[in-house]
There are 2 protein chains.
Amino acid sequence: MEPSPEEAGCDRARLRSDAERNRARIIEAARTVYRREGLSASMASIARAAGVGIATLFRRFPTASDLVAAVFEDAMEANRKAALAAREEPCAWDGFRAYVETVCALQADNRGFAEVLAMSFGTAKGMERARQEAFEAFTELVARAKAEGRLQPDFVGEDLPILLMANAGVLAVAGDAAPEASRRLVGQMIRGFAVGPAEALAPAPPPQRLLRGMVRQRRTAG
Amino acid sequence: MEPSPEEAGCDRARLRSDAERNRARIIEAARTVYRREGLSASMASIARAAGVGIATLFRRFPTASDLVAAVFEDAMEANRKAALAAREEPCAWDGFRAYVETVCALQADNRGFAEVLAMSFGTAKGMERARQEAFEAFTELVARAKAEGRLQPDFVGEDLPILLMANAGVLAVAGDAAPEASRRLVGQMIRGFAVGPAEALAPAPPPQRLLRGMVRQRRTAG
DNA sequence: ACACAAGCGGATAAGACATTCCACTTGGAT
DNA sequence: ATCCAAGTGGAATGTCTTATCCGCTTGTGT
C-alpha cells in the first residue's frame, strides 16, 4: 500500500514495529470515522475507534490536518487518476462527464473526502499536488470538450470547485436522501453544461418525504 | 414591525417595557451575528453583541431554535412573498427564474438564512407554514412553466430544496468568493433547467485566486 | 540477558459551549 | 411613596473539545 519511503509529506524516521502497527490502525479507524461523520469527528473518538490512547494519536499526527492528509492521500490519488484517465478519452465530452460524475460520486461515498474536496484545506503538499494535477488535466479536457462543441463555451475549469462545494453542501445536509439528492444535482448540472438537446435525468426525483429527513448536525449537548 | 399579538409561535405574555426593549435588542444583535457567522454563532456571543446578560437571552429564548425562528421570521416571510409574486407572473418561466434567483440571493446575503433554507430545522410553526406556502406556490409555477414548454419536463418542485442545499454549501465554504460563486452556480443551474437555446451566463467566471481563499471554519482553539 | 530509547495510555490542563442558579434591581400598579 | 412580581447579570455547572505531561512498558540492537 505504501512502498515509498517518505509518505504524507512528513519525513518521519523509521518507526518501531508496534508504532507502525498502531499508525496503520489509526489511519484505518480514522478512514471509517471520517467517512461516516465528516472531518468534524473528534480526535478522541478516532483514538477510541483505533483502540489506542489519545497521546499515541497526537504523537503520530500532531494536528487533525496531518491525520486528514494521511487518510485521504489515496482518495486524492484516485481523483488524480480519474482526471488523467478522463483526459485520455477520445471523446472529450464523455471524458468530461465521466470525470465529473466520478469525483462527485467519490464525494457522495465519503463525507470526509467530500469536505476535503470542497475546501482548500491547508493539507499536505503531496495531496495538494495531486489535486493540482487533476485540475490541470480537467482544464485540458474542458478545452477539448469546448472545441468539440459539446460543452458550453463559457464553462471554465474553476466551475468544478464550485460544483464540488455545492455537492458537499447537499451531502452534508440531506441526511438519508443525500446520495439520491447528490445524483440529482450532478445530473442537472451536467445537463446544463452540455450543448444540444437535453437528455433525461437518470435518477428519479427525490420524494419529498426523504427530504423531510434532513438533519441538523449542530452539537446538541444534552 | 410586529403588530400581531402573538409572534414567533410562542404566546408570550405581555412583557415589561424594559424586557421588551431587551428582546428587540437581542433579535437585532442576533440578526447581525447570524447573518455574518451563520447559525453556529454561540448564544454567549449574541448576548454580548446585544449588551445583555446570558441569562436574559436564555429566559427570552430557551433554545437556539427559538431565537433563530424569531430572527428569520421576516426573511421567511419575504421568501413566501417572493413565491406568491412569482406565481402571479404572466410568463411562468420568468416567474420561475425570478423566484429561484431571488431566494438564492436571499441566501447569499445572509449566511444564517442560507442555513435555515437549506435544512429542515425544527423551527417554529409560523415559519414552517410560510415555507410550505412558498413551496406550494413554487410547485404551481413549476407546472405552468412546464406547460409553457420553457422548463425541463422532468424538473420537480423537490429540486428546489436541493438547489438551496447546494447554494448553502457554496456560500459556507467559498469565503470571499462566495457571492460570485453562488451567482455562477445559480446561473448554471437555471440554464440547465431551461428548455431551448442556452443564454450566456451573467457573472464572469470566478478567478482561481479567489477560490484559493476558501476557509475552514473548524474551531481552532489555541 | 540487558539496557534504554522509543513508545504507550491515562490523567490533566485549558478553552468553548449550552444551560441553570441566585442574589440583586426595577417597572408599574396601588 | 411603597411594594413585589418580573426582570436582570454574572457566577457556576457540566460537557466536549484540542493538546500536553509523565510514569510505566516494550521492541530491538548488542
Side-chain angles (χ1 to χ4, degrees), chain A residues 10-30 33-34 37-71 112 115 121-123 216-222, chain B residues 10-30 33-34 37-71 112 115 121-123 216-222:
Chain A
C10 188
D11 56 338
R12 60 200 163 88
R14 171 101 186 165
L15 287 180
R16 226 166 68 174
S17 63
D18 54 345
E20 190 67 58
R21 199 175 335 128
N22 278 338
R23 184 176 189 278
R25 290 172 66 184
I26 288 171
I27 290 190
E28 200 49 41
V33 173
Y34 280 149
E37 301 177 25
L39 302 186
S40 65
S42 74
M43 295 293 262
S45 75
I46 289 169
R48 209 176 318 120
V52 305
I54 311 172
T56 299
L57 173 51
F58 274 95
R59 196 174 320 104
R60 214 51 67 203
F61 303 99
T63 82
S65 300
D66 296 326
L67 179 55
V68 167
V71 166
E115 293 178 35
F121 201 62
T123 39
R216 182 91 178 93
Q217 66 270 35
R218 191 182 174 84
R219 55 221 164 270
T220 57
Chain B
C10 189
D11 57 337
R12 59 199 165 87
R14 173 109 184 146
L15 287 180
R16 226 166 69 174
S17 63
D18 55 342
E20 190 67 59
R21 199 175 335 126
N22 278 339
R23 185 177 188 277
R25 290 171 67 186
I26 287 170
I27 289 189
E28 199 49 43
V33 172
Y34 280 150
E37 301 177 25
L39 302 187
S40 65
S42 75
M43 296 293 262
S45 76
I46 289 169
R48 209 177 317 121
V52 304
I54 310 171
T56 300
L57 174 51
F58 272 95
R59 196 175 320 103
R60 215 50 68 203
F61 304 99
T63 82
S65 300
D66 295 327
L67 180 56
V68 167
V71 166
E115 294 178 33
F121 201 63
T123 40
R216 182 92 179 93
Q217 66 268 34
R218 192 182 174 84
R219 57 224 165 267
T220 56

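Just the heavy atoms: all of them, side chains too, but no hydrogens, waters or symmetry mates, feed the values below. Proteins get letters first, then strands, A, B, ... in listed order; numbering begins at 1 in each.
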From [options], nucleotide with atom closest to [X] side chain:
{"X": "B:Ala55", "options": "D:dT18, D:dT8, C:dC21", "result": "C:dC21"}
{"X": "B:Arg60", "options": "D:dT8, D:dT20, D:dG9", "result": "D:dT8"}
{"X": "B:Ile54", "options": "C:dT19, D:dA19, D:dT17", "result": "C:dT19"}

Could you check how far [atom1] of [X] sits from [atom2] of [N], rounded to whole Å?
{"X": "A:Arg48", "N": "C:dG10", "atom1": "CZ", "atom2": "C1'", "value": "14 Å"}
{"X": "B:Asp66", "N": "C:dA18", "atom1": "CG", "atom2": "P", "value": "14 Å"}
{"X": "B:Phe58", "N": "D:dT8", "atom1": "CZ", "atom2": "P", "value": "15 Å"}
{"X": "A:Ile46", "N": "D:dC16", "atom1": "CD1", "atom2": "P", "value": "17 Å"}
{"X": "A:Glu20", "N": "D:dT26", "atom1": "CD", "atom2": "C1'", "value": "16 Å"}
{"X": "B:Phe61", "N": "D:dT8", "atom1": "CZ", "atom2": "P", "value": "11 Å"}
{"X": "A:Leu57", "N": "D:dT17", "atom1": "CG", "atom2": "P", "value": "13 Å"}
{"X": "A:Leu67", "N": "D:dT18", "atom1": "CG", "atom2": "C1'", "value": "13 Å"}

Given DNA chain C, 5'-ward residue of the pair A:Asn22 and B:Pro62, judged by closest heavy atom: A:Asn22
Along DNA chain C (nearest heavy atom to each residue), the more 5'-positioned of A:Val52 and B:Arg59: A:Val52
Working for side chain to side chain contact (heavy atoms under 4.5 Å, CB included), residues A:Leu67 and A:Met43: CA-CA 9 Å; A:Leu67 179 55; A:Met43 295 293 262; 4.2 Å; yes
Partners meeting salt bridge (charged side-chain N to carboxylate O under 4.0 Å, His left out) with B:Arg16 (sequence neighbours left out): B:Asp18
Contacts of B:Glu28 that satisfy salt bridge (charged side-chain N to carboxylate O under 4.0 Å, His left out) - sequence neighbours left out: B:Arg31
Separation between CZ of B:Arg59 and CZ of B:Arg23, rounded to the nearest 0.5 Å: 13.5 Å
Inter-residue atom distance A:Ser45.OG - A:Arg48.CZ, 0.5 Å rounding: 6.0 Å
Test log, rule side chain to side chain contact (heavy atoms under 4.5 Å, CB included), inputs A:Arg60 and A:Leu15: CA-CA 10 Å; A:Arg60 214 51 67 203; A:Leu15 287 180; 3.2 Å; yes
Residue of the set B:Ile27, B:Val71, B:Val33, B:Ile54 for which side chain to side chain contact (heavy atoms under 4.5 Å, CB included) holds with B:Ile46: B:Val33
Check nucleotides 27-30 of chain C for protein N or O atoms closer than 3.5 Å to its own N or O atoms and list the pairs.
from, atom 1, to, atom 2, distance (Å)
C:dG27, O4', B:Arg16, NE, 3.4
C:dG27, O3', B:Ser17, OG, 3.1
C:dG28, OP1, B:Ser17, N, 3.3
C:dG28, OP1, B:Ser17, OG, 3.0
C:dG28, OP2, B:Ser17, OG, 3.4

Phosphate OP1/OP2 of C:dG9: any A:Thr56 side-chain N/O under 4.0 Å: yes
